[in-house]
Amino acid sequence: MDIVKPSILPGFMELLPADQLLFNRMLDTIRLNYEKFGFLPIDTPIIEKSEILLAKGGGETEKQIYRFNKGDTDLSMRFDLTVPLARYVALHASDLTFPFRRYQLGKVFRGERNQKGRFREFYQCDIDIIGNGQLSILNDAEIPSVIYSTFKDLGFESFTIRINNRKVLNGFFSALALPNKADVLRIIDKLDKIGPEAVINELRELGIEESAILRLMTFIQLKGSNEEVLTKLKAMGLDDPEFNLGLEELSKVIHHVGLLNVPEENYQIDLTIARGLDYYTGTIYETILNDYPSIGSVCSGGRYDNLAGYYTKQQLPGVGISIGLTRLFYQLKEANFFEIENPAPSEVLIVPLGDTVDYALNVAQKLRTQGVSLQIYYEDGKIAKKLGYADKLSIPWVVLLGENEVAENMVTLKNLQTGEQKSLGLDEAVRLIQTT
RNA sequence: GUGGGUGUGGCGAAGUGGUUAACGCACCGGGUUGUGGCUCCGGCAUUCGUGGGUUCAAGCCCCAUCACCCACCCCA
């Protein structure tokens, strides 16, 4: 029989156990933080009716979505968690309590061309706050504090939550009477990546006047502390109503983020971030790790006026963000971010020698009730192999149980890091394990 | 969708026309059956993505094909 070559599809990440352990820890950290802020968990199907996911139609999503038929049903795999959320809220609105704070950790799928750090199946970790009819701008200020708390817990020291407001951008573009706002948005979003010269060139290609380009460039390159930037924006004295509304929102958000104890160095107004997704209408966020700038944004989101317009007549404004955990993990791994290379599956490996299994099982039960995590090596073989097992899995302690131990009702506890070993009573062994 | 690159054992990788295809990692066995991580010894590709061609001779040259990767676009 021919062997089928074991392989997985490109763009689908799978990990070895040691890495999976690290990945899951990150997932747990994120979940814990989301719950700390009162977000409720939901889970939605990975596959939805195509009409639901493609309600918006057109654009990138339609090209990238995995779509297929089963019988007569037209199915699609979710490409983010926001569209399913919209459907969920519209469907269950009468059973939900608003403002609805939900979190969701799950895999999403995008049939994209392959590239570094880009996956076809990846985890998104979303939080969103959905209002019924209206939603206070203070929610927009709370989101960065969730990001801050989460990223701190994930072990990041230096990161910047960039904050901007679509209304400020749009209002400014209106004031300049720019015809193709969407294109301009797209171009200035690239400032960081391609630099001011290239941005200016692209703007020229769009046919924008030199004077407008000049004002645009000064605008998006406004520098200073958050307060300084706000002051400069106000000093521009534009009378565009959208601009002024956006500016007011931005001021409130910045002010309250500070009151939520997010350090000044961790959030910053950045007028260049635009976010491609066209459903954002106000505040937008993008988080970058300062030590790993090449990773790009690892957590982004924003405010949208009406989440579920395709599925209900109710006006449901919301604000939320998503952490792209698969990309984040992959890139951190590449950058050797993780200090623990081999997290141990358990504290102890029990190794019965000879015919001592009964005694070993007894010891195992007692250790487990004392809260010691352990596993038992049942296979026959040389001791070298058994110790090698513990060694490869980085299990720090081995409990050796042979005829002598059974006879004396003791255990031999070996510390694999130091090589020391002692004959001890069970209670002493537990104490040693738990205090070392 | 557009442009570029690469394809050698489980993985990384040398090899740029000439006898048995380096090396490293991983894996397996052993250095006398109650002691690992270190070290030492031994084993592990009839074969170089696939198909065809050039040649006395091809992993190395040519053509085709497939696969994967990188970049643009867009995004997490």
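Proteins come first, then strands; the chains are lettered A, B, ... in the order of their sequence lines, and each starts at number 1. All values reported here derive from a predicted model rather than from experimental measurement.
Taking a centre distance below 5.5 Å and an interplanar angle below 30 degrees as the stacking criterion, Phe119(A) does not stack against the six-membered base ring of rA76(B).
OP1 or OP2 of rC74(B) sits under 4.0 Å from a side-chain N or O of Arg186(A). Side-chain nitrogen and oxygen atoms of Ser300(A) include at least one within less than 4.0 Å of the OP1 or OP2 phosphate oxygen of rA76(B). Side-chain nitrogen and oxygen atoms of Gln417(A) include none within less than 4.0 Å of the OP1 or OP2 phosphate oxygen of rG37(B). The side chain of Gln115(A) places no N or O atom within less than 4.0 Å of a non-bridging phosphate oxygen (OP1 or OP2) of rC70(B).
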**Prompt:** How does protein reach along nucleotides 27-35 of chain B, written 5' to 3' as B (base within reach of a heavy atom under 4.0 Å), S (only sugar-phosphate), or - (no contact)?
**Reply:** S--SS--BB
**Prompt:** Tell me, for nucleotides 1-12 of chain B in 5' to 3' order, what letter each nucleotide earns: B for a base near a protein heavy atom under 4.0 Å, S for only sugar-phosphate near one, - for neither?
**Reply:** BB----------
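For Asp183(A) and rC74(B), the CG to C1' distance is 14 Å, given to the nearest whole Å. Distance CE (Met13(A)) to P (rA76(B)): 17 Å, rounded to an integer number of Å.
Using N1 to N3 plus N6-O4 or O6-N4 for Watson-Crick, or N1-O2 and O6-N3 for G-U wobble, each under 3.5 Å, rU35(B) pairs with nothing. Searching all strands for a Watson-Crick or G-U wobble partner of rU50(B) with both distances below 3.5 Å returns rA64(B). Under the Watson-Crick or G-U wobble criterion, with both distances below 3.5 Å, rC56(B) is paired with rG18(B). Applying the Watson-Crick and G-U wobble criteria (two distances, each under 3.5 Å), rA13(B) pairs with nothing in any strand. Pairing for rG42(B) is with rC28(B), a Watson-Crick or G-U wobble pair whose two hydrogen-bonding atom distances lie under 3.5 Å.
Nucleic acid contact for Gly354(A): none, since no nucleic acid atom lies under 4.0 Å from a heavy atom of the residue. Using a 4.0 Å heavy-atom criterion, one finds that Lys107(A) contacts no nucleic acid atom at all.
Note: Tyr292(A) and Phe337(A) have perpendicular aromatic rings, judged against thresholds of 30 and 60 degrees for the angle between ring planes.
Counting heavy atoms from C-beta outward, Leu367(A) and Val430(A) have side chains that approach closer than 4.5 Å.
Separating the P atom of rU47(B) from that of rA22(B) is a span of 15 Å, rounded to the nearest Å.
When each of Gly11(A) and Gln124(A) is assigned the nucleotide of RNA chain B bearing its nearest heavy atom, the one mapping closer to the 5' terminus is Gly11(A).
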